Structures are given as C-alpha cells and as structure tokens.
Amino acid sequence: MRKMSIRVRFAPSPTGVLHIGSVRTALFNWLFARHCGGKFLLRIEDTDKVRSTSQNTQLIFEILEWLGIDWDEEPVIQSARIERHKEVAESLVSAGMAYRCYCSADELAAKKEKALAAGESYKYDGACRDVDSTAVVDRPFVIRLKTRREGAVTVADLVQGNVTVDNSQLDDFVLLRSDGTPTYMLSVVVDDHDMGVTHIIRGDDHLTNTFKQVQIYEACKWPVPRFAHIPLIYGPDGAKLSKRHGAASAVDYRELGYLPETISNYLLRLGWSHGDDEIISIADAIKWFTLESVGKSPARFDMKKLQNLNAHYIKQRENESLLNYMIPFLERSVNTDAKQRILRGMDGLKERAKTIVDLAKGAMIYVEAPTQYDEECAKYATESHLELLRSVAEIITALGDTPPPPQPTESELMEGDTERRSGVYKEVHEHSSTGSTQQETDYGELGRGGRATEDQISYAIKSLAVERGVKLVEIAQAMRAALCGKLVSPSVFQIIEVLGAHESVARISTFINRPLS
RNA sequence: GUCUCCUUCGUCUAGGGGUCUAGGACACCGCCCUCUCACGGCGGCAACACGGGUUCAAAUCCCGUAGGAGACGCCA
C-alpha cells in the first residue's frame with residue numbers, strides 16, 4: 001500500500017446533532033490518515049435542505065476541533081455540488097447506464113403495498129428500464145441506475161473481510177429525484193471520486209449500500225476505492241445508541257463534563273485495541289492505529305468506564321488548565337480571589353471528581369460559604385459538637401495570627417500521618433518536617449499572611465481530639481458540616497488552609513450560631 | 001420477510017491450533033489506608049453461545065443451530 005496517496009474523508013450530515021458514533025468514525029478516519037501520512041478530508045452532506053441546519057454544521061467543526069481532529073483541505077459542502085451530480089446522472093443516461101423512470105409515487109406505493117401484502121420484499125420492478133430515453137415525455141421523472149442483474153459483487157472490506165452480495169438483491173435505485181436533486185447514493189460516489197478518496201471508512205450500517213455504490217462506480221468507469229466498515233456503537237441494552245440512553249450526541253458529553261482526551265481515548269478503545277493498553281495518548285494512537293485491528297463485533301457504550309477514564313484524565317491535567325476548563329461549569333462567576341482558592345484546593349478537588357461538573361460543584365466550597373446545610377449535618381450540631389467547634393475556632397484563630405506551635409516530632413505524629421500523602425500536601429509536609437532545624441525560615445514562608453498550613457492545622461486539631469478524648473472523626477465531620485454544609489469534601493484541614501483563618505472561623509461561627517437544631 | 005454482518009467474564013477487550021487450570025481494564029465484593037467521600041494498594045467473583053466435525057491437540061479452522069444487529073426510501 002503506497003502511503004503518500006491515501007485520502008480519507010469524514011462526511012457527516014448536519015441533519016441532527018453530531019452523534020457520538022459519528023465522532024468515532026471521524027476519529028478512526030483521522031487516525032488512519034495520520035498513521036499513513038495521508039490526507040483527512042471533510043465533507044458536509046447537507047443536501048437534505050429541510051433538515052440540515054447551519055448550527056449543526058458549526059457544531060461539527062467545533063467538536064472536531066475540540067477533540068483535536070484537524071482536517072487537511074477546505075471542507076466540501078455537498079449542496080454546492082448538485083450541478084455536478086446532475087451532470088453525472090445525465091451522462092449516465094446518455095451512456096445507457098441509467099434511465100428515466102416516469103412511474104408516479106402513487107403507482108410505486110401501490111406496488112409496494114401489494115408486495116408487502118403478499119409477504120414479499122419490495123423491489124422496483126424496472127418498468128421504465130427499457131423506455132426509449134430519447135423520447136420526450138411531459139411527465140415528472142426520476143433517473144434510475146440500470147443495475148447489473150447477473151452475477152455478484154464481492155467487496156474486500158478492510159474490516160469485515162470479503163463480503164459478497166448477489167446482484168439480484170439490488171433494484172434499479174434512484175440517482176436523481178423528480179425535483180432534480182441527487183440522492184445520497186449518487187452524491188457520495190461522485191464526491192468521493194472527485195475528492196480522490198482512496199479509503200472509505202464508515203459505519204457498517206452502510207455495508208449494504210456499498211454494493212449499490214460499487215455499481216455506480218462501475219457505470220461511471222471510475223476506480224472503486226477500498227472500504228472499511230466499522231461496527232456501530234450500541235447502548236447498554238444492545239440497541240443503537242440514542243437519546244434515550246442518556247446522551248448520544250458528542251455535545252452532550254462535553255456538557256456533562258467529559259474531557260476531549262477522555263472521549264477520544266474511550267472511543268478509540270471501543271472496537272479497537274492494542275494489547276492490554278487502556279490509557280493511550282494521541283501520539284501512540286497514531287503510531288499504532290491500523291484498520292486490521294478494528295474488531296468486527298459491535299460494542300456497547302459503558303458510561304462507568306467512560307467516567308473512570310475521565311477521572312483519570314482529570315487527575316492528569318494541570319491545575320491551571322482544569323481551572324480554565326471548569327469556569328464555564330461553575331454555578332456563578334468568580335473573582336480572582338476565588339480562582340486562587342480553587343487553584344490552591346485543586347489537588348484535593350480533582351482526585352474526587354469524575355467529571356468537570358463534579359469538579360465545579362466541589363469547588364463551590366472555595367467560592368462561597370454554605371448557603372444551606374445538608375440534613376445530615378444536624379448530627380454534628382449537638383451541644384458537644386458545637387463546644388468542640390468553639391475550641392476549633394479558637395485554635396484556628398490562634399494558628400492564623402501567631403507563630404504556630406513547635407513542630408511535632410516523627411514519634412509524636414500519629415502513625416501513618418507521614419505516609420500516604422499526595423500532591424501539594426506532601427510537599428508542604430516535607431517542608432514542615434524538615435523544619436526542625438530551620439523553623440524560623442519555614443514559618444516565614446509557610447505562614448505567609450498569617451496563614452497556617454494544612455499540616456499545622458491537622459496537628460493542632462488532632463491534639464485537641466486527644467485532649468478531649470473524642471474521636472477525630474467527630475471533630476472533623478462537625479468541621480466539615482460547618483465549613484461546607486455537607487459531610488463530603490476534601491480534607492477539612494486543607495480547606496482551612498485554603499480559606500484562611502478568618503473565613504474558616506466565620507463559617508464555623510455561622511454554624512454554631514444558626515437558629516436550627 | 002429477504003440479504004448482510006456479528007457472538008470470549010455484566011461491559012470493553014487480549015488471544016490467530018499446543019505457552020489458556022483463558023490475560024488486562026471498567027463495574028461489583030472484601031481487606032488495607034483513612035477526618036468524610038474519593039484516590040491508592042492488595043485480594044476475590046466472573047467468560048470461550050450451543051451442536052457437530054477436522055486434528056495427536058481447538059477459544060483459535062470448517063459446517064450447522066440459536067441469539068443479536070444492520071440494510072432493504074425520490075433520508076443520509
């Protein structure tokens with residue numbers, strides 16, 4: 001296979017929002033082109049003028065760009081090529097390969113009904129096949145292909161293998177409608193030929209169409225391209241993936257908070273694999289992608305796996321990038337201070353989020369004080385809890401305003417405390433634990449602006465728990481309720497570090513003094 | 001109905017005659033970690049649709065059966 005000449009295309013129709021299955025088709029085409037060093041072209045099949053919208057067309061471009069799928073030449077707009085399509089249809093008539101059919105819609109409907117009633121499959125009977133094409137008849141007509149009736153056509157499909165269909169299965173299908181517009185069958189063939197497409201990679205719902213199209217290529221005496229029909233994506237129930245499965249459009253997934261790298265990785269693994277690899281970068285995908293390794297069996301869409309992948313890619317992303325990405329998802333617009341807080345709390349936030357929507361929700365604790373408290377919070381509003389919170393507030397205030405207490409030694413720390421930390425926390429911790437010989441300088445850095453570090457806060461609160469003889473969880477959950485209005489959040493110590501003493505104490509006071517419970 | 005395609009754990013898949021008492025991932029269950037929830041670590045459950053061949057040997061090759069899907073438009 002000579003690599004330099006390969007040309008593929010993605011040819012969506014803007015009659016609806018871009019389906020996630022179409023996105024996969026685009027991805028496979030793109031990957032194939034990039035792998036082979038060929039060209040990836042775009043064609044908008046907007047010949048159905050009633051259902052096509054320019055908004056849908058825009059969305060196609062937008063989603064492809066979002067996913068990093070770039071195309072090589074000016075996109076072809078199919079509706080601009082109608083004259084060319086007609087021309088080909090007419091030339092086929094002149095060449096005796098096609099003919100004018102004057103059967104009315106009513107006549108055909110009647111024949112179809114009759115066939116159905118008799119339990120037979122309907123095929124156009126070719127009534128006008130031998131009508132003299134030079135005769136001028138003043139009736140509306142369509143142009144039909146004079147299909148070959150004998151023999152069979154075998155397509156050496158790059159994914160499906162050899163597929164043979166008997167020509168007797170085909171009828172003389174329509175190339176040009178009575179209103180003079182081309183049908184899909186005609187326009188794809190003409191456009192693919194004119195665009196120099198060498199490999200047609202598309203959903204396998206087109207497999208049977210292929211045999212009709214091959215006949216058009218042959219009638220035109222054009223070279224037949226290679227085909228690769230990839231299996232469709234199904235919903236969890238095994239039926240074609242659609243709206244009722246939750247989300248079928250690529251735009252939906254973007255709005256649900258999935259990252260583009262998640263979508264392309266997930267879609268790639270649906271029906272294609274490279275050994276045991278699950279997390280695959282675009283670069284590796286381009287390096288590894290071949291049509292031979294595309295599976296033939298249909299795959300079901302698994303939301304859980306998508307989520308898991310998304311969680312992975314969220315953890316991978318840089319905090320700044322995540323912040324920018326999540327801003328449109330935030331419930332309200334945020335100022336620079338809030339952004340800074342979110343950024344500082346991002347490590348704790350992102351390891352808990354499966355989607356950007358989750359992330360944005362979780363980030364609200366750094367945007368504003370709780371506007372309401374979850375029902376379960378009442379459990380931590382007992383007098384004994386409130387009493388503990390008063391002490392907590394004092395400790396936080398003290399930590400925030402004065403130099404923190406001496407650093408704990410390794411043995412003083414509860415076991416496990418020095419282990420298992422990640423991200424920023426770990427770095428901070430390492431700083432503070434090396435601080436035994438250089439406490440002054442560390443305070444100067446870590447306590448900047450009178451702000452205590454997560455570690456210092458953690459130590460102080462843990463000490464309080466020991467002192468009062470209560471379990472840490474009792475204090476921590478009460479703090480969480482007061483700080484977040486809910487019982488699930490990142491580390492409360494980290495939250496306090498990010499919010500600062502003033503805001504933290506304010507939230508705790510609000511909780512203590514609120515009328516309820 | 002006709003034609004075409006598909007069939008390994010619940011799901012995505014590895015596997016191209018012996019290395020398969022079938023591997024990985026997600027999900028699920030358990031344990032560890034733990035300030036909640038997650039993350040992470042460790043472990044567990046779980047599949048070659050069925051029936052015939054071919055072969056010394058079949059998840060792997062062939063043929064049936066069953067099940068699933070797609071296509072049968074003057075839609076794309």
Side-chain angles (χ1 to χ4, degrees), chain A residues 11-16 45-48 50-52 78 101 105 108 112 115-116 118-123 140-144 157 160-161 163-166 168-171 173-179 181-185 187-188 203-212 229 231-232 234 236 238-240 266 269-279 295-309 311 315 348 350-354 362 416-417 419-420 422-423 458 461-462 465 471-481 484 486-493:
Chain A
S13 136
T15 50
E45 306 212 324
D46 60 342
T47 48
D48 184 343
V50 233
R51 295 192 298 148
S52 298
Q78 193 164 59
C101 166
L108 295 176
K112 187 171 185 175
L116 251 42
E120 293 160 9
S121 70
Y122 169 77
K123 286 201 289 283
F141 63 89
V142 298
I143 292 179
R144 291 180 183 272
D157 193 281
Q160 305 287 338
V163 182
T164 302
V165 167
D166 209 280
S168 63
Q169 293 300 318
L170 274 50
D171 66 356
F173 56 93
V174 176
L175 298 176
L176 207 67
R177 301 186 190 102
S178 52
D179 65 359
T181 60
T183 62
Y184 163 77
M185 289 301 165
S187 38
V188 242
D204 71 4
D205 49 340
H206 287 290
L207 185 57
T208 40
N209 285 337
T210 306
F211 297 87
K212 295 182 178 178
H229 287 93
L232 262 23
Y234 297 104
K240 227 175 173 178
Y266 181 73
R269 281 287 290 107
L270 223 46
W272 179 88
S273 62
H274 182 266
D276 284 341
D277 293 312
E278 295 285 346
I279 305 295
K296 297 164 91 170
S297 54
R300 299 185 186 201
F301 199 88
D302 182 1
M303 209 53 125
K304 284 283 181 58
K305 190 154 186 171
L306 215 217
Q307 277 184 354
N308 177 276
L309 248 194
K315 289 189 203 85
K350 73 180 184 184
E351 67 182 16
R352 269 160 258 263
K354 293 205 184 310
D417 193 48
E419 308 294 326
R420 281 195 60 260
S422 62
S458 167
I461 302 297
K462 282 174 182 167
K471 285 186 175 162
L472 181 59
V473 62
E474 294 299 321
I475 302 180
Q477 285 299 71
M479 289 166 69
R480 204 176 318 272
C484 310
K486 54 188 183 178
L487 298 182
V488 173
S489 82
S491 157
V492 287
F493 309 129

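Naming convention: chains lettered A, B, ... in sequence-line order (proteins, then strands); numbering from 1 in each chain. Quantities reported herein were computed from a predicted structural model and do not represent experimental measurements. Atoms considered below: every heavy atom in the structure, side chains included; atoms not considered: hydrogens, waters and symmetry mates.
Put simply, the side chain of A/D204 and the base of B/rG70 share no donor and acceptor less than 3.5 Å apart. Interface remark: the A/S489 side chain does not form any donor-acceptor pair with the B/rC37 base, using a distance-only criterion of under 3.5 Å. Side chain A/R480 to base B/rC35: a donor-acceptor pair is found below 3.5 Å. Side-chain to base pairing of A/T208 with B/rC72: no donor and acceptor N or O lie closer than 3.5 Å to each other.
As judged by a 4.0 angstrom heavy-atom cut-off over every strand, A/K486 is placed among residues making no nucleic acid contact. Looking at heavy-atom distances under 4.0 Å, A/S187 makes no contact with the nucleic acid at all. As judged by a 4.0 angstrom heavy-atom cut-off over every strand, A/N209 is placed among the base-contacting residues. Within the 4.0 angstrom heavy-atom criterion, base atoms lie near A/V492. Within 4.0 Å of A/V142, counting heavy atoms only, lies at least one base atom of the nucleic acid. At a threshold of 4.0 angstrom between heavy atoms, the contacts of A/H206 include nucleobase atoms, whether or not backbone atoms are also involved. The residue A/L270 sits close only to the backbone: its heavy atoms come under 4.0 Å of sugar-phosphate atoms, none of a base. Nucleic acid contact for A/G271: sugar-phosphate only, since backbone atoms but no base atoms lie under 4.0 Å from a heavy atom of the residue. At a threshold of 4.0 angstrom between heavy atoms, the contacts of A/P490 include nucleobase atoms, whether or not backbone atoms are also involved.
For A/K296, no side-chain nitrogen or oxygen approaches OP1 or OP2 of B/rC5 to under 4.0 Å. OP1 or OP2 of B/rA14 lies within a sub-4.0 Å distance of a side-chain N or O belonging to A/S273. Close to B/rA76, at under 4.0 Å from its OP1 or OP2, lies a side-chain N or O of A/T47.
Annotation: B/rU8 and B/rG68 have their C1' atoms spaced 16 Å apart (nearest Å). Comparing the same atom, P, in B/rC32 and in B/rC37 gives a spacing of 14 Å after rounding to whole Å. A distance of about 15 Å separates the P atoms of B/rG24 and B/rG15, rounded to the whole Å. The separation of B/rC26 from B/rC45, taken at their C1' atoms, amounts to 15 Å, rounded to a whole angstrom. On the P atoms, B/rA22 is 9 Å away from B/rA47, given to the nearest whole Å. Comparing the C1' positions of B/rC56 and B/rG17 gives a spacing of 12 Å, expressed to the nearest Å.
Considering only side-chain atoms of A/L207, the nucleotide from B/rC74, B/rC12, B/rC5 that sits closest is B/rC5. Among the nucleotides B/rU11, B/rU2, B/rA76, the one closest to any side-chain atom of A/D302 is B/rU11. Side-chain proximity of A/A299 to the nucleotides B/rC37, B/rC12, B/rC39 is greatest for B/rC12. The listed nucleotides are B/rA25, B/rU4, B/rC35; the one nearest the side chain of A/E278 is B/rA25. Comparing B/rC6, B/rA14, B/rC74 against the side chain of A/D276 picks out B/rA14 as the nearest. In this structure, of B/rA71, B/rC26, B/rU36, it is B/rC26 that holds the atom nearest to the side chain of A/N308. Distances were taken from every side-chain heavy atom of A/Y184 (C-beta onward) to each of B/rA76, B/rC35, B/rC5; the shortest belongs to B/rA76. Nearest nucleotide to the A/S297 side chain, out of B/rA71, B/rC35, B/rU7: B/rU7. You'll find that the side chain of A/R352 is closest to B/rC37, out of B/rC74, B/rU7, B/rC37. Side chain of A/K304, nearest nucleotide from B/rA38, B/rC26, B/rU2: B/rC26.
Atom CG of A/D277 is separated from atom P of B/rG23 by 18 Å (rounded to the nearest Å). Atom-to-atom, OH of A/Y266 to P of B/rU11 comes out at 12 Å; the value is rounded to the nearest Å. Put simply, CE on A/M303 is 15 Å from P on B/rC12, counting in whole angstrom units.
For B/rC20, the glycosidic angle deviates from 0 by more than 90°, giving an anti base.
Across all strands shown, the partner of B/rU7 is B/rA66, judged by Watson-Crick or G-U wobble contacts whose two distances both fall under 3.5 Å. Searching all strands for a Watson-Crick or G-U wobble partner of B/rG73 with both distances below 3.5 Å returns nothing.
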**Message:** Show, in sequence, the C-alpha distance, side-chain angles and deciding distance for A/H206 and A/F211, and conclude whether the ring pair (Phe, Tyr, Trp, His ring centres under 6.0 Å) test is met.
**Reply:** CA-CA 9 Å; A/H206 287 290; A/F211 297 87; over 10 Å; no
